[in-house]
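Since the structure comes first, as structure tokens, the remarks are kept for the end.
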There are 2 protein chains.
Amino acid sequence: MGVKEKRAKYREEFRQEILDAARELFITEGYENFSMRKLAEKIDYSATTIYLYFKNRDDLLFAICEEFFGNFSTRLNQIRLVSRDPVETLRQAFLYLMNFGLKNPYQYKLIFFTKSVYGSREELVKKESMARTTYLVFKEIVQDCIDAGQMRQTEADVIVDILVVASHGLITKNIYCANFLKERSGTVARTLVDVLLRGLQK
Amino acid sequence: MGVKEKRAKYREEFRQEILDAARELFITEGYENFSMRKLAEKIDYSATTIYLYFKNRDDLLFAICEEFFGNFSTRLNQIRLVSRDPVETLRQAFLYLMNFGLKNPYQYKLIFFTKSVYGSREELVKKESMARTTYLVFKEIVQDCIDAGQMRQTEADVIVDILVVASHGLITKNIYCANFLKERSGTVARTLVDVLLRGLQK
DNA sequence: AGAATATATTAACGGCGTTAACAAAAAATT
DNA sequence: AATTTTTTGTTAACGCCGTTAATATATTCT
């Protein structure tokens with residue numbers, strides 16, 4: 001009926017509030033069953049208010065992705081500072097990604113397996129997104145391994161791809177295959193990491 | 001306005017016609033943008049007619065999945081008959097899955113990465129679906145390798161999981177990551193197969 | 001105080017999946 | 001051959017959805 005008595009004094013603060021609610025809703029309901037109206041009800045505002053802070057539904061998802069990749073690249077740089085051995089750094093980085101996926105499968109799915117929010121390759125490269133930054137850091141870690149002579153001479157891009165492929169596969173299977181017992185996922189994950197890193201080393 | 005002059009004489013025939021149109025529409029438009037109304041328009045019938053042949057939207061998807069798994073398990077048995085070496089059989093089977101995915105990414109996605117149409121593990125096991133059959137054949141092929149002493153003693157289930165994980169990962173990445181150059185996918189695929197099979201052999 | 005801007009609302013458009021009510025053709029029964 | 005029943009199709013409607021337009025009110029600026 002009446003208008004909200006409490007207004008959003010600080011735009012960014014309220015924007016973040018919406019984003020948090022959206023992330024939760026996206027994860028619990030899934031991308032398909034998310035709706036702007038549900039989100040509106042959750043934050044107790046009308047649906048159209050959301051459009052004052054986000055262009056549309058996909059803009060919300062974009063913000064969630066960027067948030068994730070921001071944290072991820074920070075974490076990668078931390079790992080890099082702590083660990084001295086390049087291959088060990090790579091293992092840690094890879095495990096971090098996989099463990100995040102195993103612990104937060106639906107957020108992982110939301111970020112990596114939903115209608116790409118970053119457009120084509122050209123758009124991705126020029127847009128200077130956190131997603132792009134993260135990829136570059138990951139690639140640098142791989143390059144460090146190659147430069148240190150501890151990894152067979154393959155294009156760093158390909159190696160990054162292989163690792164990401166493995167991680168993506170594990171999480172997808174974990175999510176979509178009902179006959180994929182949860183207890184086994186740990187075993188599969190460990191085996192995957194070992195086989196891949198051993199296969200990649202000189 | 002008027003009622004259709006040409007009626008569907010043979011139920012199964014018309015059902016298949018709908019299914020073919022649905023598959024095409026699901027693949028071209030994606031699961032998200034598929035709609036019963038579009039399908040209706042495509043086959044030139046009213047939307048509600050579809051409900052005389054399929055329970056609902058997901059029932060259509062289920063039929064498409066079963067169709068695929070039927071073909072897949074047949075193909076696996078063919079490979080098994082031709083090839084004599086167990087590991088070679090496994091390689092062929094694995095490559096068949098991956099190549100199908102690389103050639104038909106959106107159908108692969110539709111079948112493996114959409115809201116599971118097979119329910120929980122218990123439901124999957126008791127329902128006697130083609131999906132279940134396919135999994136069992138795949139597992140038998142792996143078991144043959146183990147029995148022949150050519151593969152390290154690991155649970156066959158785990159090995160199947162690892163291979164499927166790799167395949168799923170490759171296809172997902174191929175679909176969702178704009179920066180995943182198409183030309184590279186072949187290289188990554190070959191490397192994956194080699195590393196995995198070598199790592200699994202005794 | 002008054003103008004301008006930011007923030008929020010309701011109403012509406014055109015789409016969706018699905019069900020209900022109904023019509024007509026085909027098949028079965030008498 | 002006439003009539004009942006079943007199958008196959010239709011239109012209308014319900015309650016969702018994303019998004020835009022028009023509008024009202026609060027806050028901020030001058």
Side-chain angles (χ1 to χ4, degrees), chain A residues 1-65 110 114-117, chain B residues 1-65 110 114-117:
Chain A
M1 312 278 162
V3 171
K4 288 274 150 31
E5 66 291 332
K6 205 177 99 186
R7 294 263 164 171
K9 292 159 212 150
Y10 305 110
R11 196 161 209 285
E12 282 310 311
E13 205 171 284
F14 187 42
R15 201 186 126 100
Q16 187 61 46
E17 211 172 287
I18 298 176
L19 205 58
D20 290 340
R23 192 189 321 105
E24 200 182 311
L25 206 57
F26 262 128
I27 291 168
T28 57
E29 303 266 325
Y31 179 82
E32 326 241 310
N33 297 109
F34 172 94
S35 97
M36 299 297 265
R37 284 171 159 92
K38 281 182 196 167
L39 175 57
E41 193 178 21
K42 191 179 172 73
I43 61 172
D44 211 52
Y45 278 76
S46 77
T48 48
T49 296
I50 300 165
Y51 288 87
L52 296 172
Y53 297 86
F54 297 92
K55 219 180 107 193
N56 54 31
R57 178 194 163 114
D58 282 341
D59 193 32
L60 269 165
L61 187 51
F62 176 80
I64 291 171
C65 289
L110 184 70
T114 325
K115 181 181 124 197
S116 178
V117 97
Chain B
M1 312 281 161
V3 171
K4 287 275 148 33
E5 67 291 331
K6 204 177 100 188
R7 292 267 165 168
K9 292 159 212 148
Y10 304 111
R11 195 162 211 286
E12 281 311 311
E13 206 172 284
F14 187 42
R15 201 186 124 101
Q16 187 61 46
E17 211 172 287
I18 298 175
L19 205 58
D20 289 341
R23 192 188 323 103
E24 200 182 311
L25 205 58
F26 262 128
I27 291 168
T28 57
E29 302 267 325
Y31 179 82
E32 326 241 312
N33 296 110
F34 171 94
S35 98
M36 299 298 267
R37 284 170 159 93
K38 282 182 196 166
L39 176 56
E41 193 177 21
K42 190 179 173 76
I43 59 173
D44 211 51
Y45 278 76
S46 78
T48 49
T49 296
I50 300 164
Y51 287 87
L52 296 172
Y53 297 85
F54 297 92
K55 222 179 105 193
N56 54 33
R57 179 193 163 113
D58 282 342
D59 193 32
L60 269 165
L61 186 52
F62 177 80
I64 291 170
C65 288
L110 183 70
T114 326
K115 182 181 121 195
S116 179
V117 98

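Computed from heavy atoms alone, side chains included, the values below leave out hydrogens, waters and symmetry copies. Numbered from 1 within each chain, the chains take letters A, B, ... in sequence-line order.
- Residues satisfying the side-chain hydrogen bond (donor to acceptor under 3.5 Å, both in side chains) criterion with B/N33, sequence neighbours excluded, are absent altogether.
- For B/T49, a side-chain nitrogen or oxygen approaches OP1 or OP2 of D/dT10 to under 4.0 Å.
- Checked against the 6.0 Å centroid threshold, B/F14 and B/Y45 count as a close aromatic pair.
- Distance OH (A/Y10) to P (C/dA6): 17 Å, rounded to an integer number of Å.
- Screening residues 54-65 of chain B for salt bridge (Lys or Arg N to Asp or Glu O under 4.0 Å) gives B/D58-B/K115 as the qualifying pairs, with residues at least two apart or on separate chains.
- Put simply, CD on A/E17 is 15 Å from C1' on C/dA8, counting in whole angstrom units.
- One finds no side-chain N or O of A/Y45 lying less than 4.0 angstrom from the OP1 or OP2 phosphate oxygen of C/dT9.
- Whole-Å rounding puts the B/E41 CD to C/dG15 P distance at 11 Å.
- In this structure, A/N56 places its CG atom 7 Å from P of D/dT20, rounding to the nearest Å.
- If you check distances only, the side chain of A/T48 does reach the base of C/dT10 with a donor-acceptor pair under 3.5 Å.
- Distance, A/L52 CG to C/dT10 C1': 14 Å, rounded to whole Å.
- Between A/Y53 and C/dA8 there is a side-chain polar atom (N or O) within less than 4.0 angstrom of OP1 or OP2.
- Atom-to-atom, CD of B/E12 to C1' of D/dT7 comes out at 14 Å; the value is rounded to the nearest Å.
- The phosphate of C/dC16 has neither OP1 nor OP2 within less than 4.0 Å of any side-chain N or O from B/R57.
- Remark: B/F54 engages no residue in a ring-ring contact (aromatic ring centres under 6.0 Å, His included) (not counting sequence neighbours).
- The CZ-P distance, from A/F54 to D/dT19, rounds to 13 Å in whole Å.
- With a 6.0 Å radius and a threshold of 12 heavy atoms from other residues, nucleotides or ligands, A/E29 has its CD atom above the threshold.
- In this structure, B/T114 has no side-chain hydrogen bond (donor to acceptor under 3.5 Å, both in side chains) partners at least two apart in sequence or on a different chain.
- In this structure, the CZ atom of B/F14 is 17 Å from the P atom of D/dT7, given to the nearest Å.
- Proximity of residues 25-40 of chain A to DNA chain D (heavy atom under 4.0 angstrom from any strand atom) is restricted to A/F34, A/S35, A/M36, A/R37, A/K38.
- By the salt bridge (charged side-chain N to carboxylate O under 4.0 Å, His left out) test, B/E24 is found to be paired with B/K42, residues two or more places apart in sequence or in another chain being considered.
- For the pair B/S46 and D/dT10, the criterion of a side-chain N or O lying under 4.0 Å from OP1 or OP2 is met.
- Between B/Y51 and the phosphate of D/dG9, there is no side-chain N or O to OP1/OP2 separation shorter than 4.0 Å.
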